Amino acid sequence: MRTIEGGLTIRDERFCLIAARFNSTIVDRLVEGARDVLCRHGADENQLQLVRVPGAFELPLAAQRAAASRQYDGIVALGVVIRGATSHYDYVCSEAAGGLQRVSLEQSVPVGFGLLTCESIEQALERSGTKSGNKGADAALAVVEMINLLRQLGS
């Protein structure tokens, strides 16, 4: 049996990092994690574009526009939603996640899910570069792997 897997090599691919400004202290760490891992795997800074949106809810629209432009081989969506006292958290998380998935499926462009959905600020900090690694870096790696996998699967 032949196994097809994506690798982590970056050649001339272009990446759009879309980052929410809300909770920017944490999101900036996710952006840096994504940028760092992409550069360590072969990307040049000229292959990266950073787009800022107000919050997590706006990530899918910006991702859809970026994907439709055909300027990017992969998109990394980065944001943080921290549970509060109301149900707002549930709506934002659900709609942002579903919207990003639809963009990827409808546009056939890998979209990395770097949206932290946390119960507390402590959880968000742990996932943005401390105890639990950097989920921005993880999302960027997933995009690189999917670009390489899709190339092997053909059009």
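Atom set for the values below is all heavy atoms of this structure, side chains included, hydrogens, waters and symmetry mates excluded. Owing to the predicted nature of the structure, the values given are computational and were not obtained by experimental measurement.
In this structure, F22 places its CZ atom where only 12 or fewer heavy-atom neighbours from other residues, nucleotides or ligands lie under 6.0 Å away. In the displayed structure, I121 atom CD1 is contacted under 6.0 Å by at most 12 heavy atoms of other residues, nucleotides or ligands.
V109 and V53 fall within the same hydrophobic cluster, defined by Ile, Leu, Val, Met, Phe, Trp and Tyr side-chain heavy atoms under 4.5 Å apart, directly or through other members. Placement of L100 and V92 within a single hydrophobic cluster is found when ILVMFWY residues are connected by side-chain heavy-atom separations under 4.5 Å, directly or transitively. Under the 4.5 Å side-chain heavy-atom criterion for grouping Ile, Leu, Val, Met, Phe, Trp and Tyr, L30 is not connected to Y72 through any hydrophobic cluster. Cluster membership check: V144 shares its hydrophobic cluster with V31, using side-chain heavy-atom separations under 4.5 Å among Ile, Leu, Val, Met, Phe, Trp and Tyr.
Scanning all heavy atoms of the two residues, the minimum distance from A43 to L48 falls at CB-CD2, 4.3 Å. Between I18 and A66, the closest heavy-atom pair is CD1-CB, 4.4 Å. Pairing each heavy atom of A20 with each of L59, the nearest pair is N-CD2, 4.2 Å. For L78 against G136, the heavy-atom pair with the smallest separation is CD2-CA, 3.7 Å. For the pair A137 and V37, the tightest heavy-atom approach, listed with the atom from each and the gap, is O-CG1, 3.6 Å. Contact record, P60 with A56: CD-O, 3.7 Å, taken as the closest heavy-atom pair.
Among the candidates L116, V111, L115, the single residue satisfying the side chain to side chain contact (heavy atoms under 4.5 Å, CB included) test with F113 is L115. The side chain to side chain contact (heavy atoms under 4.5 Å, CB included) test with L17 is passed by exactly one of V143, L38, I75: L38.
Note: D44 CG to C39 SG = 7.0 Å, rounded to the nearest 0.5 Å. For the atom pair CG of L125 and CD of E122, the computed distance is 7.0 Å after rounding to the nearest 0.5 Å. Note that CD1 of I82 is 9.0 Å distant from CD of Q123, once rounded to the nearest 0.5 Å. Distance check, rounded to the nearest 0.5 Å: SG of C93 to CZ of F57 gives 11.5 Å. With values rounded to the nearest 0.5 angstrom, H41 atom NE2 is found 10.0 Å from D36 atom CG. Between atom CE of residue M146 and atom CG of residue N148 there is a gap of 10.5 Å, rounded to the nearest 0.5 Å.
Panel note: side chain Q152, backbone I4; no donor-acceptor pair is recorded below 3.5 Å. Side-chain N or O atoms of R52 include none that pairs as donor or acceptor with a backbone N or O of A19 at under 3.5 Å. Between the side chain of S104 and the main chain of Q101, no donor-acceptor pair closer than 3.5 Å is present.
Salt bridge status for R151 with E13: present, with a side-chain N to carboxylate O gap under 4.0 Å. Salt-bridge annotation for R35 and D28: absent, with no side-chain N of the basic residue lying under 4.0 Å from a carboxylate O of the acidic one. Ion pairing of E32 with R29 is absent here, as no side-chain N (NZ or NE/NH1/NH2) approaches a carboxylate O to less than 4.0 Å.
No side-chain heavy atom of L61 sits under 4.5 Å from any side-chain heavy atom of V103. Considering only heavy atoms from C-beta on, C16 comes within 4.5 Å of V51 through its side chain. Within the 4.5 Å cutoff, the side chain of S128 has no heavy atoms near those of the V80 side chain. A heavy-atom distance below 4.5 Å is found between the side chains of L8 and E145. Using a 4.5 Å heavy-atom threshold, the side chains of Q64 and E106 count as separate. Using a 4.5 Å heavy-atom cutoff, the side chains of D90 and E95 are not in contact. The shortest distance between side-chain heavy atoms of R83 and T117 does not fall below 4.5 Å.
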